[in-house]
Amino acid sequence: MRQKRLLTALITYFILTVISIPIFADIAPPLQPPGANPGLAEFVKTNVEMGVESVMITVGETTTLYYREPAFDTVNAQVTAVFAMNNPSDIEETLAVVFPLNDMEGWGDGDISYPEIRNFHVSINEQLKDYVEITTPNPHGSEKPEIKWAEFEVKFLPKEITFITVEYDLQSSGWFPEATFNYVLETGRGWHGPIGEAHIHLILPYEASADNVLMGENANTSTGGSFDGNQVHWTYLNLEPDAEDNWSATIIAPHIWKEILSLSADAEEGDGSAYKALTVIYDSLYIGHGPRPGTEGIVLRNHNAYKKAIAYDPG
């Protein structure tokens with residue numbers, strides 16, 4: 001259902017905009033063979049453009065990192081991204097499209113900061129497509145972990161739009177009980193032309209706000225996000241992406257934020273003991289790694305909770 005809504009929206013957009021806006025996402029044109037150019041992987045030339053992209057990151061519940069022992073807490077998310085690809089030329093192109101399965105620097109499974117994606121699926125014009133997993137050398141040396149990609153063949157017919165949909169599960173990184181999600185934009189730079197328009201939607205299980213999404217200058221959340229109910233939206237226009245353009249967002253883990261909401265409601269109803277419990281939660285959000293950009297509001301709310309907790313129980 002989600003995929004059909006995204007496809008409908010993208011088809012409508014193309015009808016209204018005459019199919020002329022190039023765009024990218026975290027799918028990319030085929031890589032050149034290893035050794036063609038040392039360092040970061042280069043992409044073959046293509047006339048195919050990415051017209052419209054819509055990415056939905058739906059935040060779920062807290063769990064544990066699937067590959068770590070002992071267990072570390074993390075937050076699950078389900079990602080669905082739809083890409084409308086346009087081949088404006090008169091020549092058919094069949095390309096091996098790639099999608100990164102781990103961090104672009106090659107830090108994947110085995111490092112707590114860079115969990116890999118799981119349950120990856122790809123569809124072409126709503127038809128499920130098989131893929132193979134390939135690897136490329138780490139640009140920082142052969143002793144470093146290789147970069148993993150999903151590779152799948154796509155036929156781009158001349159003067160036609162091809163819809164590519166990817167779906168996968170993602171686990172957060174970062175300092176728990178914060179949860180950071182990342183989305184790699186730089187892999188789209190190999191498509192023809194600059195980025196025309198891309199949309200990223202972060203969907204929370206409650207109302208989204210600057211209280212539960214760590215925003216502000218120098219915060220570990222991409223700038224330019226706008227709040228709308230339980231969602232935060234980012235839009236990118238006319239961009240030639242590199243590593244600095246990759247998207248990220250840091251939130252308070254959902255079960256922690258729900259507890260904050262519950263305790264705040266108890267305090268408003270006259271339960272003074274709830275303020276002490278709030279200070280414990282707020283402390284956990286920055287003690288140990290210090291206040292950072294985006295946590296200023298948490299520090300102020302914690303200060304207020306401490307004052308009210310002491311007033312309720314001076315002992």
Side-chain angles (χ1 to χ4, degrees), residues 57-78 111-115 169-182 202-223 225-232 247-315:
I57 302 171
T58 303
V59 176
E61 297 300 324
T62 300
T63 181
T64 57
L65 283 172
Y66 63 87
Y67 59 82
R68 292 288 296 195
E69 291 293 344
F72 286 90
D73 288 329
T74 184
V75 177
N76 288 336
Q78 201 276 329
D111 191 307
I112 188 172
S113 297
Y114 302 99
D169 296 331
L170 180 66
Q171 293 188 308
S172 68
S173 58
W175 296 97
F176 199 83
E178 297 171 9
T180 298
F181 296 99
N182 301 285
L202 179 67
I203 304 171
L204 303 182
Y206 36 69
E207 184 176 1
S209 71
D211 292 333
N212 48 47
V213 181
L214 304 188
M215 306 189 77
E217 186 177 359
N218 298 320
N220 192 24
T221 296
S222 296
T223 59
S226 60
F227 295 100
D228 181 15
N230 70 325
Q231 299 188 28
V232 194
W247 175 91
S248 66
T250 297
I251 66 172
I252 296 175
H255 75 291
I256 298 294
W257 181 248
K258 290 177 181 179
E259 184 65 16
I260 289 174
L261 292 177
S262 178
L263 289 170
S264 298
D266 291 343
E268 289 179 2
E269 293 175 2
D271 182 2
S273 65
Y275 289 114
K276 179 180 178 181
L278 280 170
T279 67
V280 174
I281 293 177
Y282 287 142
D283 283 346
S284 71
L285 290 169
Y286 58 82
I287 286 181
H289 46 284
R292 297 161 320 291
T295 63
E296 298 90 347
I298 296 172
V299 176
L300 293 174
R301 291 195 298 276
N302 196 21
H303 178 65
N304 184 59
Y306 264 108
K307 290 196 299 183
K308 292 184 176 182
I310 292 171
Y312 174 73
D313 182 4

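Of the residues Asn182, Thr221, Ile57, the one that meets the side-chain contact (heavy atoms from CB on, under 4.5 Å) test with Trp247 is Ile57.
Residue Tyr206 comes nearest to Ile252 through the heavy atom pair OH-O, 3.6 Å, listed as atom of the first residue, atom of the second, then distance. Scanning both residues, Pro205 and Val59, for their nearest heavy atoms gives CD-O, 4.0 Å. For Leu263 against Ala274, the heavy-atom pair with the smallest separation is O-CB, 3.5 Å. Minimum interatomic distance between Ile281 and Glu259 (heavy atoms only, all atoms of both residues): CD1-CG, 3.5 Å. Looking at every heavy atom in both residues, Asn220 comes nearest to Thr250 through O-OG1, 3.0 Å. Phe227 approaches Met215 most closely through the heavy-atom pair CZ-SD, 3.2 Å.
A distance of 9.5 Å separates CH2 in Trp257 from CG in Leu285, rounded to the nearest 0.5 Å. Here the straight-line distance linking atom OG1 of Thr279 with atom NE2 of His303 works out to 13.0 Å at 0.5 Å rounding. Remark: Ser273 OG to Leu278 CG distance equals 10.0 Å, nearest 0.5 Å. Interatomic distance, CD1 of Ile310 versus OH of Tyr275, reported as 13.5 Å (0.5 Å rounding). Rounded to the nearest 0.5 Å, atoms CD1 (Ile251) and CD1 (Ile256) are 11.5 Å apart. Distance CG/Leu170 to OG1/Thr58: 11.5 Å, rounded to 0.5 Å.
For the pair Leu214/Ile298, a side-chain contact is recorded, criterion being any heavy-atom separation below 4.5 Å from C-beta on. The side-chain heavy atoms of Asp169 and Gln78, taken from C-beta on, include a pair separated by under 4.5 Å.
When only modelled atom types and interatomic distance are considered, Ser172 and Thr74 share a side-chain donor-acceptor pair under 3.5 Å. Residues Tyr306 and Asp283 have side chains that bring a donor and an acceptor to within less than 3.5 angstrom of each other.
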Under the criterion side chain to side chain contact (heavy atoms under 4.5 Å, CB included), I'd like the reasoning laid out for Gln171 against Val75: C-alpha separation, chi angles, the key distance, then a yes or no. CA-CA 6 Å; Gln171 293 188 308; Val75 177; over 6 Å; no
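Contacts of Asp211 classified as salt bridge (charged side-chain N to carboxylate O under 4.0 Å, His left out), with partners at least two apart in sequence or in another chain: Arg301.
Between the side chain of Ser264 and the backbone N or O of Ile260, at least one donor-acceptor pair lies under 3.5 Å.
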